[in-house]
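Here the structure comes first, spelled out in C-alpha cells, and everything after it is commentary.
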Amino acid sequence: MNRYCSFLLVLVALALLAKTAFGIDPETNGVFRIRTPEQAQGTAFVLEQVGDKTYLGTAAHVVLTDSGNMFQGAAYTLENDTVKDMPKAKVVAVDKKADLAVLLCSTKRQFKPLPLGSVERNSKVDKVGFAYRPSGLQIDFFGYASGAWLKTSGIVSFAYENSVYSDSVVAPGQSGGPVVLNDEIVGVVSGGSAWHTAAEDPERNVTWPARAGSARRLKEILDWSKTRE
C-alpha cells in the first residue's frame, strides 16, 4: 500500500469515529436508519410532507431485495437516535438506473427537510461532452455508517446524466443518505467505484470515489409518485 492510500485510510478511520451532527440534524430534518425485513440497513431522509403523508428519499439498492424486487406494503422500519415512533414506510417509486427510491409513511410528526437543489444551479459549470464539471464545489455525504451518524466530504468531480461524482469516500450504511451543498440536497448517496479496506480495522470497508443519484431526478420521481397516491 503506498503512502497516499495509507494516509487516505487513516482519514477515513477518523471520520468513521465521528458522531456529531455536522450542521444537519437527523431529528429536525428527518434523517433515519432504514431497515428492510431482511435486516438490510441504509439511510433515508424526509423530502416533503403533505398533511399526514411523509415522503422520504433513499437509494434504490437499499430497499430492493437481492433479486431486485420490493417488499410489499409498509415493510420498511425507520428510526434514529431520538425518533423511535415512526410508522413503517412503503416504497412508492423506484428508478433502478439512477439508484433512487421514494417511500411514503403516515405521521403527524413534523420535520423541516432541506430543499432539493442541483449541482448545476449552485455554481457556474463547464459543459464538457455530456458531463458538467464544476470547479471546487465541496459536497457533504451524510448517513448512518454501521448504525452511527457520519459525515464525509469531497470535491465534485463531475455530474453526468442522473449521477454526481465526488472524490469523497462513503461507508456501508450511508447509502440512501442526503448529499448536501449550500444547504440544499443535491444528491442521494449511492456508493463508490472501488472498495478499500482500512488497514487499522480490517472489518471496515469504504468505497471511493463516491457516487450519488441526483436530487433533480429524485424530484421528478417524487412528483410522479404523488400523482399515483
Go through the steps to decide whether L104 and T54 satisfy the test side chain to side chain contact (heavy atoms under 4.5 Å, CB included), and finish with yes or no. CA-CA 6 Å; L104 174 65; T54 298; 5.6 Å; no
Just how far is it from atom [atom1] of [X] to atom [atom2] of [Y], taken to the nearest 0.5 Å?
{"X": "S146", "Y": "Q41", "atom1": "OG", "atom2": "CD", "answer": "9.0 Å"}
{"X": "R216", "Y": "I221", "atom1": "CZ", "atom2": "CD1", "answer": "14.0 Å"}
{"X": "S163", "Y": "F158", "atom1": "OG", "atom2": "CZ", "answer": "8.5 Å"}
{"X": "D99", "Y": "H61", "atom1": "CG", "atom2": "NE2", "answer": "5.5 Å"}
{"X": "L222", "Y": "L218", "atom1": "CG", "atom2": "CG", "answer": "6.5 Å"}

Would you say [X] and [Y] make side-chain contact, with heavy atoms under 4.5 Å?
{"X": "L47", "Y": "P113", "answer": "no"}
{"X": "V180", "Y": "I139", "answer": "no"}
{"X": "D52", "Y": "T107", "answer": "no"}
{"X": "V188", "Y": "P178", "answer": "no"}
{"X": "P26", "Y": "F45", "answer": "no"}
{"X": "E79", "Y": "D85", "answer": "no"}
{"X": "N29", "Y": "L114", "answer": "yes"}
{"X": "Q174", "Y": "L150", "answer": "yes"}

Residue pair [X] / [Y]: nearest heavy atoms and the distance that separates them:
{"X": "I24", "Y": "W149", "result": "CG2-CZ2, 3.5 Å"}
{"X": "A215", "Y": "G117", "result": "CB-O, 3.5 Å"}
{"X": "Q49", "Y": "R109", "result": "NE2-O, 2.9 Å"}
{"X": "I155", "Y": "D167", "result": "N-OD1, 2.7 Å"}
{"X": "G213", "Y": "L100", "result": "CA-CD2, 3.9 Å"}
{"X": "A212", "Y": "V179", "result": "CB-CG2, 3.8 Å"}

Just to verify, what does T77 make a side-chain hydrogen bond (donor to acceptor under 3.5 Å, both in side chains) with, not counting sequence neighbours? none
Can you find a side-chain donor-acceptor pair between S153 and D140 that sits under 3.5 Å? yes
Do S190 and R211 have a side chain donor and acceptor closer than 3.5 Å? yes
Is the shortest side-chain N to carboxylate O distance from K112 to D25 below 4.0 Å? no
Enclosure of K84 NZ (heavy-atom neighbours >12, cutoff 6.0 Å): yes
Please determine whether the number of non-hydrogen atoms from other residues, nucleotides or ligands lying under 6.0 Å from atom CD of Q72 exceeds 12. no
If you link ILVMFWY side chains whenever their heavy atoms are less than 4.5 Å apart, which other residues fall into the same cluster as V63? By chain and number, please. F32, I34, V46, L56, V62, L64, M70, F71, Y76, L78, V83, M86, V91, V94, L103, F111
Step by step, would you call K53 with E48 a salt bridge (Lys or Arg N to Asp or Glu O under 4.0 Å)? CA-CA 8 Å; K53 293 182 177 180; E48 186 175 312; over 6 Å; no
Hey, does the side chain of T43 reach the backbone of G173 with a donor-acceptor pair shorter than 3.5 angstrom? yes
For V31, is there any backbone N or O sitting under 3.5 Å from a side-chain donor or acceptor partner on N80? yes
Name all residues meeting the salt bridge (charged side-chain N to carboxylate O under 4.0 Å, His left out) criterion together with R217; count only those two or more places apart in sequence or in a different chain, and write none if there are none. D95, E220
Given the rule in the side chain to side chain contact (heavy atoms under 4.5 Å, CB included) test, do L181 and E184 qualify, once you have shown the distances and angles that lead to the verdict? CA-CA 5 Å; L181 169 64; E184 292 184 333; 5.9 Å; no
Go through the steps to decide whether C105 and K90 satisfy the test side chain to side chain contact (heavy atoms under 4.5 Å, CB included), and finish with yes or no. CA-CA 7 Å; C105 73; K90 64 178 180 178; over 6 Å; no
